[in-house]
Amino acid sequence: MAWFTLLMMLLTCYIVVARYGFGVGSIALQESVLYLHAMVFMLGAAYTFKDDEHVRVDVFYREFSARKKAWVNIVGGLIFLLPFSGYTAYMSYDYVAASWRVMETSQEPGGLPFIYLLKTLIPLMMAMLIIQGIADILKNLGVVLQTNTSKEAL
């Protein structure tokens with residue numbers, strides 16, 4: 001995803017120089033920056049979650065013990081992440097399927113002909129978040145169980 005970010009930045013610079021320096025524009029290049037941005041966000045979300053780099057309001061969380069943090073992560077995953085991701089994946093199915101049926105393309109002249117591929121990233125992102133959410137819940141269950149076993153051994 002980092003390479004997509006670099007490519008997005010280089011393309012943006014090229015588009016600006018070409019348009020304002022030489023009076024040449026390209027809808028396809030402008031849309032490719034949007035596609036890259038969508039790919040960075042949607043394909044990088046599960047990885048960001050895996051590395052615990054996602055946005056978190058941790059006013060209280062940062063002071064919690066490892067066991068309390070694990071419980072918060074388990075409950076959050078079960079109550080918020082998995083239901084939201086599952087619902088979004090389910091609701092996006094018809095939206096994406098309709099796009100694939102007509103092989104949806106850009107409405108702009110000279111735009112990219114791959115809207116249906118871009119829309120496919122929505123359920124793909126949700127599937128990756130569900131898989132990562134389950135892995136995170138299991139990891140945090142391990143922390144809770146390890147903490148309980150450690151206390152019993154004392």
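With a 4.5 Å cut-off on side-chain heavy atoms, Ile137 and Leu82 count as touching. Side chains of Val144 and Trp71 form a contact here, defined as non-hydrogen atoms less than 4.5 Å apart.
A side-chain hydrogen bond (donor to acceptor under 3.5 Å, both in side chains) check over residues 22-49, counting only residues at least two apart or in different chains, returns the pairs Glu31-Ser106, Tyr47-Asp51. A salt bridge (Lys or Arg N to Asp or Glu O under 4.0 Å) check over residues 113-125, counting only residues at least two apart or in different chains, returns the pairs Glu104-Lys119. Applying the side-chain hydrogen bond (donor to acceptor under 3.5 Å, both in side chains) test to pairs two or more places apart or on separate chains, those with a residue in residues 72-81 are Arg56-Asn73, Tyr61-Asn73, Asn73-Asn140.
Not counting sequence neighbours, the partners of Lys139 by the salt bridge (Lys or Arg N to Asp or Glu O under 4.0 Å) test are Asp136. Residues meeting the ring pair (Phe, Tyr, Trp, His ring centres under 6.0 Å) test with Phe49, sequence neighbours left out: His54.
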Distance-only donor-acceptor pairs under 3.5 Å for side chains of residues 120-133, two or more places apart:
unit_1: Thr120; atom_1: OG1; unit_2: Trp100; atom_2: NE1; d: 2.6
unit_1: Thr120; atom_1: OG1; unit_2: Tyr116; atom_2: O; d: 2.7

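When hydrophobic clusters are built by joining Ile, Leu, Val, Met, Phe, Trp and Tyr residues whose side-chain heavy atoms come closer than 4.5 Å, directly or via intermediates, Val33 is not grouped with Leu6. Transitive grouping of hydrophobic side chains (ILVMFWY, heavy atoms separated by less than 4.5 Å) brings Tyr14 and Phe4 into a common cluster. No continuous path of ILVMFWY side-chain contacts below 4.5 Å connects Leu141 to Phe80, so the two sit in separate hydrophobic clusters. Linking ILVMFWY side-chain heavy atoms closer than 4.5 Å, directly or via other members, places Tyr95 and Met39 in a single hydrophobic cluster. Connection of Leu112 to Val24 is not established within any shared hydrophobic cluster, with ILVMFWY side chains joined at heavy-atom distances below 4.5 Å, either directly or through further cluster members.
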Q: Check the pair Tyr87, Met91 against side chain to side chain contact (heavy atoms under 4.5 Å, CB included), reporting the backbone distance first and the verdict last.
A: CA-CA 6 Å; Tyr87 179 75; Met91 292 304 291; 3.4 Å; yes

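Separating the CD1 atom in Ile15 from the OH atom in Tyr20 is a distance of 11.0 Å, to the nearest 0.5 Å. Note that NZ of Lys69 and CD of Glu63 are 8.5 Å apart. Values are rounded to the nearest 0.5 Å.
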